[in-house]
Each structure stands twice: as structure tokens, then as C-alpha cells.
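The figures that follow rest on heavy atoms only: side chains count, while hydrogens, waters and symmetry mates do not. Being a predicted model, the structure only gives us computed values, none of them experimental. So that the names make sense, note that chain A is the first sequence line, chain B the second, and so on, each numbered from 1.
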There are 2 protein chains.
Amino acid sequence: MQRRQESPDAVKIRTLPVQVAAHLTRRIVSGDVEDGRAPSELDISQEFGVSRVVARETLKILASLDVVDVAQGRRVVVRPRAEWDYLSPLLIEWLPAEIVGELLQELHQTRVLLEPELAAMAALSITDETLERLGDEIDRMSALEADPDAYLEVDHEFHMEICRAADNRILDRIMYSARWLGTASRRITNEAPAALRKATADHAEIYEALVARDPEGARAAMRKHLRNNSTLLAEKEQRTERAARRR
Amino acid sequence: MQRRQESPDAVKIRTLPVQVAAHLTRRIVSGDVEDGRAPSELDISQEFGVSRVVARETLKILASLDVVDVAQGRRVVVRPRAEWDYLSPLLIEWLPAEIVGELLQELHQTRVLLEPELAAMAALSITDETLERLGDEIDRMSALEADPDAYLEVDHEFHMEICRAADNRILDRIMYSARWLGTASRRITNEAPAALRKATADHAEIYEALVARDPEGARAAMRKHLRNNSTLLAEKEQRTERAARRR
DNA sequence: GAGAATCAACTTGTCATATAAGCTGATGAC
DNA sequence: GTCATCAGCTTATATGACAAGTTGATTCTC
């Protein structure tokens, strides 16, 4: 639901600082930047041929992602990778495919922990209007099985609607980030269009449990749904591994 | 563990943009800024008597918190509050106590969902070194029951250690943010120093289950621990409500 | 020589001004 | 009325200057 204004995968012209931040992050990840010492504003402006203003904003962006620490007088330092903000779509986008793959797995694990409980909570507090919207979305999804992109859009909305029913801004934020990142890898499910029918059935089951205000049922249905997704992810993983071995 | 360099509650001199961003956020929350239209760079630089560079960075900070949207040519717009990044300690700090109270509740709910499962996962994959560190921390905590501040520091480390054992960067990030925010409200537990002894007992129980590599036991122990915390939080809530009624 | 005070060089923070580039709404042609 | 145009607003970037904080070497003191 959020950031819908950016949705249509437009070839977004990013600002200069974002582009430079992307390059710099890739260089850090690849190990070119040694020993935690990040380039200074001046270094950046010279190396990338941009003004100091841009170099400065670049560092500010990286600081907001907990990639670097910046303070007056001190040199900018690269923070330990374990502390970077991997919930940020921006950062994920700059990381190599290998790491993104790992993160997607960890992401899925997170969803497996949270979403069944969210469904159970929603079953207790969901309103009739929300149920109506969920019903609509199920209808729309079954009509969109031929168009995976549009399908996933509604799918995202369906899950977020359930999350929102739990009325918890923290969980909402987490799920939003988690699912946002997930859509970055939509190809995973796109490659298995037959699976969409299965997903539709799962969604219907979740919906029924919510209508019945049945927490246990909702939890179980959501768990089952995620288990199916997990199978898909594993299959995809195997496929890419085989592909890598062939190379 | 992260940001330890900022820990000692120092009267941190924040940069100008951060200060302005704080003021601006408070004004937005209080409803002074009407209809989603945020002040422009020029407005800010005039109203706050700062340069345009600072006004600009202010807006960039707010944008990174998903408080506003900024794009070239278009006026800056305030985003719906539901979409703000409530996982950011910076933002939380600027919100009125009333909202922070709500967020802390939602935060606790999130921990209740995640931490027992994290404990269970940790029981399966935890290393001997981690167990040793956990043991040390328990010892240190029982020695620090008279000093709630220091106690909570170790307490935080104890829980994060368990989280890290699950080896999931996403969950780690979430728990880090969640607990970071939690320490902002340390008074909640500080007011009940007797409760620290109870917490120590809880920690020991969790530790035993982890040593035994018993997922079910770890989950149950963590659940119990959080239930105790939850009672404390509710008590505190009642106290403040009574205090509010007296006013 | 060991330790403390000093300072120069470097770094980030802030300011001022100018120009480029993108959007919006009003104006005016047809 | 419809549509193209454009003036005026906004953000994006560049340049140059100075303030303020940090670091490490130098120097001074004992």
C-alpha cells in the first residue's frame, strides 16, 4: 500500500547522491575499502566527479542505513556489516545477488514467525469492512492468475490488510518492509504460474477462518500458505544452484 | 550492542538539521501543518533561521524516516502517519509521550511474538561460546540488581545474544530496534527494582533450557519471562493513568 | 626520557550565492 | 472547450568560503 506512487517499476531516475551511495556500497561490500575507513567527502567528490554537496548527501544516506558513522572532525568509518539496516529496500538493492538470496531466506523465516500469529490476532479483531475488502481481493486475484505481476500486487495488499487488522504499527512496519523486499524477488513465484492457483486456494482458506473469527484456524491456514511458498523458494534455490553449477 | 558509542545518555549535541527535523516533526504531529503540505526548503530556512543547506538536510532526514516525500519540482508532502518508520529511535524521540506509550505497548507485543520463537531456534543452533557468554551475563546481572541502569544494559545484551544465535539478520535488526526503543523507557522497570530478582530467575531458566538444547523449554521460559515484563508494564500503565486522573 | 600542553593539518558542519532541471497551474491560441 | 505554452515555483547540483571539532605529531616541562 505504501509507496504506491513508485510502483510501476518505472526506470526511476535516481538522484546523484543515491547513485554514488550505491557505487560506494558495492565497493565496500567487495572489500575495496579497507579496514573500516570510508572515503572522506573530498575523496568522494574527486573520485566520482561530483560536488562536495553531493558527496556529503551520499554519506548521510549511508549513515541513515547504518552503513557508516559520521561525526564532525572525525573521519567517516564503515560500521560492521551485521549492523547495517537490512530492512531498507534501498540497501538491499545495492547488495550482490548472493547476499540478497540469503536475506530473502531470512526474510521468509521472519514471515513464517510473524504472519500466522498476525492472522490469529486479526481473527479476533477484524472488522466487517476489512473482511469485505479481503473478499474483493480474493476475487481479483483469481481473475489475475494469468498476470503474475498484478497478482502479486493484490497478494501484497491482502497480506497487509490482515496485518493492519492487528492494529500494531511496529508489526505493520516490519511486515511492510519484509513484503516490500519480497516483491523485489517476484520472479521467484513468477516462474511458477501454476502455483498461483494454489495460493488462491490458500488465501480462501485464510479468509474463511477470519470470517469465522477462528484464531486457530487462521493461524493454521496462514502457516500452510507460507509452507507452500517456502517450497517454491527452495525449488527456485535448487534451480539457480544447478544453473550456477552448469556455468 | 550497536551504537554503543552513543550509550552514556550523554547530552549529545545534535546537528542543526536533526534539531530542526525534531521541531518540524512535532509541529506536524500537533496538527500545525495542514493537509499534508510540508514547508519548502525556503520556508524552513526562513522560519528557523538556518541556511538552505540545513533546511534541505532536514527534509532529507524526514524523508528517510518516511515522514515526508520529496521529489524535484514537486512540493514536499507529509506522508500518512501510518507509514512513518516507527522502528527508528530518532523518530520515536520526537513523538509526544502519549504516542510513545502506545508504541511501547505495540513493541512489547512484537517481542512477545518473536522472542519465544527466537529462543526455540537458538536452542537448536547455539554454540558453546555463546552459552558461556550468556552464563557470564547472568552472573553479572545478579551482581547488578542494585543498579538498574547497568542491569538493563546487560539484560539487553543477553537477549540480543540469543537473537544472534538464530543467525538471521532481519530478525536481528528488528529485535535490535525493538529493544533499543525499549531502553528509552527504562524507568518502567526501574521503578520496580524488586522485579529484577524475578528477571534474573527467568533468565536462568531460559539459560538452562538453552544448555539442554531444549527448544520447547526455551520457548516456554522466554514466554514466561515476557509475561512477567508485561505485568510490570500494565502496572506501570495503571499507575500513570491514576496519576493522570488525579491531575 | 616520560608525560603534558600546544598546535597544525585534516575532517565534517554551516553559510551564501548561483544555476540547472522538473513540476504546476494559469494564460492564451485555436 | 481543448490543448500547447510558459512563467513561476520547487528541488537538484555546483562552487567557494569559513566555523568547529578531532587527531596526531611536535614541543615544552619536569
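- Out of dC15(C), dT11(D), dT12(C), the shortest distance to the side chain of L16(B) is found at dC15(C).
- For the pair R173(A) and Y86(B), the cation-pi test (distance below 6.0 Å, angle within 45°) is failed.
- In this model, the phosphate group of dT11(C) is not approached by any side-chain N or O of R74(A) to a distance below 4.0 Å at OP1 or OP2.
- In terms of position along DNA chain C, the nucleotide closest to E41(A) lies nearer the 5' end than the nucleotide closest to the other residue of the pair V54(B) and E41(A).
- The nucleotide whose nearest atom lies closest to any side-chain atom of T15(B) is, among dT11(D), dG13(C), dA14(D), dG13(C).
- We find that CZ of F48(B) is positioned 18 Å from C1' of dC15(C), with the value rounded to whole Å.
- Candidate nucleotides dT10(D), dT13(D), dT12(C) were compared by shortest atom distance to the side chain of S40(A), and dT12(C) ranks first.
- Among the atoms of the strands shown, base atoms are found under 4.0 Å from some heavy atom of V53(A).
- Separating the CG atom of L42(A) from the P atom of dG13(C) is a distance of 14 Å, rounded to the nearest angstrom.
- Listed nucleotides dT13(D), dT14(C), dA12(D) differ in distance to P17(A); the shortest reach to its side chain belongs to dT13(D).
- Rounded to a whole Å, the CZ atom of R37(A) is 8 Å from the P atom of dG24(D).
- A sub-4.0 Å separation between OP1 or OP2 of dA12(D) and a side-chain N or O of R56(B) is present.
- Protein atom CD of Q72(B) is 8 Å distant from nucleotide atom C1' of dA20(C), rounded to whole Å.
- Rounded to whole Å, atom C1' of dA14(D) lies 16 Å from atom CD1 of I44(A).
- A salt bridge links R75(B) with D43(B): the distance from a Lys NZ or Arg NE/NH1/NH2 to an Asp or Glu carboxylate oxygen falls below 4.0 Å.
- When the C1' atom of dT12(C) is taken as reference, atom CZ of R75(A) falls 11 Å away, rounded to whole Å.
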Steps toward side-chain contact (heavy atoms from CB on, under 4.5 Å) verdict (E157(A), R133(A)): CA-CA 10 Å; E157(A) 196 48 43; R133(A) 275 200 298 277; over 6 Å; no
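- Taking the side chain as every heavy atom from C-beta outward, W84(A) and V29(A) approach each other to under 4.5 Å.
- Per the geometry, CZ belonging to R14(A) stands 16 Å off P belonging to dG22(C), to the nearest Å.
- Between E47(A) and R27(A) there is a salt bridge, since a side-chain N of the basic residue sits under 4.0 Å from a carboxylate O of the acidic one.
- Nearest-nucleotide assignment on DNA chain D puts the 5′-proximal partner with L59(B), out of L59(B) and V50(A).
- To the nearest angstrom, P of dT11(D) lies 16 Å from CD1 of I61(B).
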